[in-house]
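Everything on this sheet refers to the single structure shown next.
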Amino acid sequence: MTEPPASASPTLSVVVPCYNERPNVGPMLAKLDAALAGITWEVIYVDDDSPDGTAEEVRRFAHTDPRVRCIRRIGRRGLASAVIEGALASSADYVAVIDGDLQHDETRLPAMLAALQGGGYDLVVGSRHVEGGDATGLANRWRHLISNGGIRLAQAFLPVKLTDPMSGYFMLPRPLFERLARSLTGQGFKILLDLVLSAPAPLRVLEIPVRFRERVAGESKLDALVLAQFGGLLLDKVFGGLLPLRFISFALVGALGVIVHLTVLTALRQGTGLGFEIEQAMATVVAMMFNFALNNAVTYRDQRLRGPRLWRGLLLFMLVCGLGAVANVGIAQVLYERQMAWSLAGAFGAVIGVVWNYAVSATLVWRAR
Ligand code: GDD
Ligand code: MN
């Protein structure tokens, strides 16, 4: 066996989360190769089993280029968790995170690296909102609104100044990432915010301007849910992980379910003559289906049920919540009989019901695989 080189691990690992980015893989690798001349680097694609065969495409290049690596996750979705796993698979001195759709300007990577190697900074962020950067690539007005609203919300909570806290383009020393990794929630899109909020002492951040290019191939995965998830991330950080993020989401969905229930009930009362019992039962079923669908899409977005498992899940969910309702009413009844004020007894029953529904559906309906 020949001696390995003095340092066998690269200086820089470029982590690329990707979902359905097949046509962008080849062009991205060529761009990285050109931009990173003179630096020892590797690229770690983290693919969530994209149906378009992104992982296969990455491996095709990996075949002839050992700097190209691929992590393929099955049964999971999520940008933040993909980034975390990619970064944790690195042994390099520095880790960069960049989108796999060519929207981030990779020619800034050497400048970002140089800034970190200078020792004055813990984190370098590619920002669209500092002098020289621009956000023309954001798809439409709606995206601008989400983006700007989110930025303002974030800045109110941030320990350091970030003009573009939603950026998915940044670099930091790998050992620092590893120190912070345990505190990351790994939920949603906003891994940069998660990092900044998880650091025990404010990070020394340098922002460098980047152009945000138009997406050429494939489509954006960012939708309106992202803002909701992002609010959840802030809540989680503010409450110091007191309540699990999922529980908060589950409870909020439940609250919306009550509104749906009352709306349906009102409509049935006015529009049909079925009698209160039947109308109440119908409203309950509609609200349960609504809650199930929303929990499946938001609360358990990362392990969303589909196909036959969706129907099985719905059935189980209705059974679980049915029992939860019985527990709720039973407990409230007992408390009320023991002279507790009706409002307090009712609230107690509701809380017990939500906790029951959450605990049981988390293990039975959306069982962690
Ligand atoms: N592994 C994995 N799993 N990758 C994902 C997932 C996922 O569930 N969802 C998205 N990605 C990848 C995409 O393939 C792309 O490489 C990158 O993450 C960014 O996703 P886009 O869908 O292209 O995001 P965008 O262009 O709308 O959002 C950009 O702006 C946001 C701020 O407004 C990105 O730069 C985000 O990182 C940034 O937060
Ligand atoms: Mn994009």
Side-chain angles (χ1 to χ4, degrees), residues 14-25 27-29 31-32 43-55 57-58 69-89 96-106 108 125-129 133-154 162-171 186-196 210-227 229-230 233 297 300-304:
V14 181
V15 173
V16 186
C18 57
Y19 191 77
N20 285 344
E21 302 289 1
R22 185 186 186 110
N24 293 319
V25 172
M28 173 100 191
L29 291 175
K31 280 178 184 287
L32 285 177
V43 58
I44 304 173
Y45 272 90
V46 187
D47 173 63
D48 286 346
D49 205 17
S50 306
D52 78 343
T54 305
E57 179 75 349
V58 175
R69 296 171 54 194
C70 180
I71 294 174
R72 179 177 168 212
R73 309 193 303 169
I74 292 181
R76 314 254 310 271
R77 272 301 298 278
L79 180 53
S81 64
V83 167
I84 293 171
E85 279 170 48
L88 290 179
V97 177
I98 188 170
D99 286 355
D101 57 2
L102 310 173
Q103 286 198 274
H104 292 150
D105 180 1
E106 72 294 330
R108 306 312 311 256
V125 179
S127 170
R128 291 162 290 183
H129 300 287
D134 97 69
T136 46
L138 276 188
N140 52 37
R141 264 186 64 108
W142 170 232
R143 285 293 312 276
H144 272 286
L145 232 80
I146 294 188
S147 190
N148 293 337
I151 287 169
R152 227 154 283 139
L153 188 62
L162 275 183
T163 53
D164 193 1
M166 320 288 266
S167 174
Y169 186 26
F170 55 90
M171 192 189 293
Q187 304 248 351
F189 256 63
K190 300 307 160 209
I191 178 73
L192 174 63
L193 267 177
D194 206 349
L195 277 167
V196 168
V210 293
R211 241 169 353 106
F212 198 65
R213 301 189 192 116
E214 298 281 347
R215 190 187 250 279
V216 184
E219 56 189 39
S220 172
K221 285 96 208 165
L222 193 135
D223 52 30
L225 283 180
V226 170
L227 196 60
Q229 290 187 331
F230 168 59
L233 175 73
Y300 290 98
R301 187 170 167 75
D302 57 334
Q303 50 199 79
R304 203 185 295 185

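Computed from heavy atoms alone, side chains included, the values below leave out hydrogens, waters and symmetry copies. Counting convention: from 1, in listed order, for ligands and their atoms alike. Along the sequence shown, residues carry numbers from 1. Keep in mind that what you see is a predicted model, and the values were worked out from it rather than measured.
Residues Tyr45 and Leu29 form a side-chain contact, since some pair of their non-hydrogen atoms from C-beta on lies under 4.5 Å apart. Between Ile71 and Ile44 the shortest side-chain heavy-atom distance falls below 4.5 Å. Side-chain contact between Ser81 and Arg73 is present, with at least one heavy-atom pair separated by less than 4.5 Å.
A distance of 10.0 Å separates CG in Asp302 from CG in Asp48, rounded to the nearest 0.5 Å. Atom-to-atom distance recorded for Gln103:CD and Ile98:CD1 is 11.0 Å, nearest 0.5 angstrom. If you take CD on Glu21 and OG on Ser50, they are separated by 7.5 Å, rounding to the nearest 0.5 Å.
In this structure, the side chain to side chain contact (heavy atoms under 4.5 Å, CB included) partners of Pro23, at least two apart in sequence or on a different chain, are Asp52, Ala217.
In terms of polar-atom proximity, defined here as any N/O pair under 3.5 Å, Asp101 does make such a contact with ligand 1. Ligand 1 has a nitrogen or oxygen under 3.5 angstrom from a nitrogen or oxygen of Gly78.
Nearest to atom 35 (O) of ligand 1 by heavy atom, out of Asp48, Asp99, Leu192, is Asp99. Looking at Gln103, Glu21, His104, Arg73 and measuring to atom 26 (O) of ligand 1, the nearest heavy atom belongs to Gln103.
For Thr54 (side chain) and Tyr19 (main-chain N/O), no donor-acceptor pair under 3.5 Å exists by modelled atom type.
Residue-ligand proximity, Met166 to ligand 1, at heavy-atom distances under 4.0 Å covers atoms 31 (C), 32 (C), 38 (C), 39 (O). Residue-ligand proximity, Arg128 to ligand 1, at heavy-atom distances under 4.0 Å covers atoms 32 (C), 33 (O). Using a 4.0 Å cut-off to heavy atoms of Cys18, the atoms of ligand 1 that qualify are 1 (N), 2 (C), 4 (N), 12 (C), 14 (O).
Around the Mn ion (ligand 2), the protein atoms of type N, O or S that sit closer than 2.8 Å are Asp101 OD2, Gln103 OE1.
For Pro17, heavy-atom contacts with ligand 1 shorter than 4.0 Å involve the backbone as well as the side chain. Contact annotation: for Tyr169 versus ligand 1, there are no heavy atoms closer than 4.0 Å.
Relative ring orientation between Tyr169 and His104 is described as parallel, the plane-to-plane angle staying below 30° on a 0-90° scale split at 30° and 60°.
A salt bridge between Arg72 and Asp49 is present, with a side-chain N of the basic residue lying under 4.0 Å from a carboxylate O of the acidic one.
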